[in-house]
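Owing to the predicted nature of the structure, the values given are computational and were not obtained by experimental measurement.
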Amino acid sequence: MNKVVVVTGANSGIGLALCERLLTEDPGLQLCLACRNLRRAQAARSALLASHPKAQVALLQLDTSNITSVLNAAHEVKLRYNQLDYLYLNAGIMPNPQFDVRAFFKNLFSSKVITMFATGEGILTQKDRITPDGMQEVFATNLFGHFLLVRELEPLLCQAGQTSQVIWTSSSNAHRSAFNLEDMQHQKGAQPYSSSKYASDLLSLALNTHFNKQGLYSSVICPGFVMTNLTYGILPSFPDFLWTLLMPIFWIIRMFTNTFTLTPYNGAEALLWLFKQKPESLDPQAKYHSLTSGLGSNYSQPLTMDIDEDLSEALYEKLLELEDKVRKKMNKEQKTVSAWSQ
């Protein structure tokens, strides 16, 4: 039976590169691009079919920051497919990044340059927003929407006699110091992206604790430092000539550190590597890193995450509580609408 793969955030960057590599690896799989913008998703589908004319590539509208969109998308997936082998949770945002130009140039020619580019530490903060559902946008997009999607797709992911993989695109920017369980939406902090990525690391561990016996396995990857739309968006005021000057520096740095994957194709290495593994053999406490050698060879390497089971379980319970509140609120609103329409 052909494998069924759903990829969120698949219309560009690492998500699109992953889809291209998946179809090269297994031309017979059923691939579903789950994207917020269907126009861009259609363009991505056309590009994939241009290089893989016989591929089965479907589109699905999904905005992980919008609860109704997540529920509708999950319902559509359950109507289309009888199984789900891989769920790549790749969609993510870093809105309104505040870039410290002075710190950037100070660290550019110091021993901190590699850490700065790899993690954004010391140069990035973000200003978050509130979604129409009343949640912090980064938390909703990067974490809760994906959590709710997994919950809705449990019937497909947890089937007797089969295994499935949930694979999160995390980041080296996932810092424990940015996360506070009592403020899991990061309403009071200035690093919502880092907080949400650390939370996804924790949640992945919790999913393994609760669902491995039902055949669902969760893993986390880091794509390395990749030049994507998100990366370019961090420096919106930089003129083109400065990017032209910086790119040779990036390539030189890659000669000395394997975390500078630079291209989406290279950044998708760990995502593809996990596709080829038996999920039972994977380490639930490891983050699988995409790495590129100075000579351009791609490979993946697991590194133990700074997480623990107690904190991951506590986060899981708080997310379940939030899910319950969200569902009760939606049911109440639906009853109100029904009453007014009668």
Side-chain angles (χ1 to χ4, degrees), residues 4-23 29-52 55-81 84 86-97 126-150 152-153 166-171 192-193 196-197 200 223 226-236 263-265 267-268 271:
V4 177
V5 182
V6 173
V7 182
T8 72
N11 63 283
S12 64
I14 294 169
L16 180 57
L18 168 65
C19 292
E20 174 68 35
R21 297 189 69 176
L22 286 172
L23 290 174
L29 61 79
Q30 297 183 64
L31 180 62
C32 179
L33 313 185
C35 307
R36 178 173 52 185
N37 188 311
L38 281 184
R39 180 180 59 82
R40 294 178 181 176
Q42 183 60 60
R45 179 178 183 271
S46 297
L48 292 171
L49 291 177
S51 55
H52 304 277
Q56 301 178 68
V57 183
L59 300 180
L60 177 71
Q61 187 160 32
L62 168 64
D63 179 355
T64 54
S65 73
N66 184 291
I67 293 171
T68 299
S69 176
V70 173
L71 296 177
N72 290 342
H75 179 70
E76 182 64 27
V77 170
K78 287 184 283 189
L79 289 177
R80 292 184 192 179
Y81 306 110
L84 180 53
Y86 297 88
L87 177 59
Y88 283 95
L89 304 177
N90 174 71
I93 59 168
M94 184 191 285
N96 306 309
Q126 304 96 47
K127 290 184 179 179
D128 209 349
R129 295 177 293 196
I130 304 297
T131 71
D133 294 313
M135 294 187 184
Q136 297 297 124
E137 185 179 32
V138 177
F139 167 82
T141 304
N142 297 0
L143 184 75
F144 187 73
H146 281 137
F147 168 74
L148 191 59
L149 183 64
V150 172
E152 285 290 303
L153 295 178
V166 172
I167 302 172
W168 301 77
T169 299
S170 183
S171 171
Y193 181 80
S196 70
K197 291 302 181 180
S200 68
V226 181
M227 302 306 296
T228 63
N229 290 336
L230 188 150
T231 312
Y232 287 113
I234 291 171
L235 309 173
T263 70
Y265 180 94
L271 294 166

In this structure, OG of Ser196 is separated from CD of Gln136 (nearest 0.5 Å) by 11.5 Å

Value for CE (Met135) from CZ (Phe144), rounded to nearest 0.5 Å, stands at 4.0 Å

For Tyr86, the ring pair (Phe, Tyr, Trp, His ring centres under 6.0 Å) test, sequence neighbours excluded, returns Phe275

Interatomic distance, CZ@Phe139 vs CD1@Ile93, rounded to 0.5 Å, equals 12.5 Å

Heavy-atom closest pair (Ala10 atom, Cys35 atom, distance to 0.1 Å) is N-SG, 3.7 Å

Is any side-chain heavy atom of Leu153 less than 4.5 Å from a side-chain heavy atom of Val6?
-> no

d(Thr68 OG1, Asp133 CG) to nearest 0.5 Å is 6.0 Å

Nearest heavy-atom contact between Leu29 and Leu22 is CD2-O, 3.7 Å

- prompt: Do Glu20 and Leu48 touch side chain to side chain, with heavy atoms closer than 4.5 Å?
  reply: yes

Here the salt bridge (Lys or Arg N to Asp or Glu O under 4.0 Å) pairs for residues 61-81, sequence neighbours left out, are Glu76-Arg80, Lys78-Glu152

Margin query: Measuring only between side-chain heavy atoms, which start at C-beta, is Leu18 closer than 4.5 Å to Thr169?
Written below: no

Any side-chain heavy atom of Val70 sitting closer than 4.5 Å to one from Leu62? yes

**Item:** Side-chain H-bond candidate by donor/acceptor type, His146 with Ser200, under 3.5 Å
**Value:** no

The residue among Leu31, Val57, Leu16, Asn11 that forms side chain to side chain contact (heavy atoms under 4.5 Å, CB included) with Arg45 is Val57

Closest non-hydrogen contact found for Gly9 with Asn90 is O-ND2, 2.9 Å

Correct closest heavy-atom pair for Thr131 and Ala140 would be CG2-CB, 4.2 Å

Here the gap from Arg40 atom CZ to Leu59 atom CG, rounded to the nearest 0.5 Å, amounts to 14.5 Å

Tightest non-hydrogen contact, residues Thr8 and Ala91, listed as OG1-N, 2.9 Å

Rounding to 0.5 Å, atoms CD (Glu137) and CG (Asn142) come to a distance of 9.0 Å

When you compare the side chain of Val7 with that of Leu271, does any pair of heavy atoms fall below 4.5 Å? no

Here the pair of heavy atoms bringing Ala17 nearest to Tyr265 is CB-N, 3.7 Å

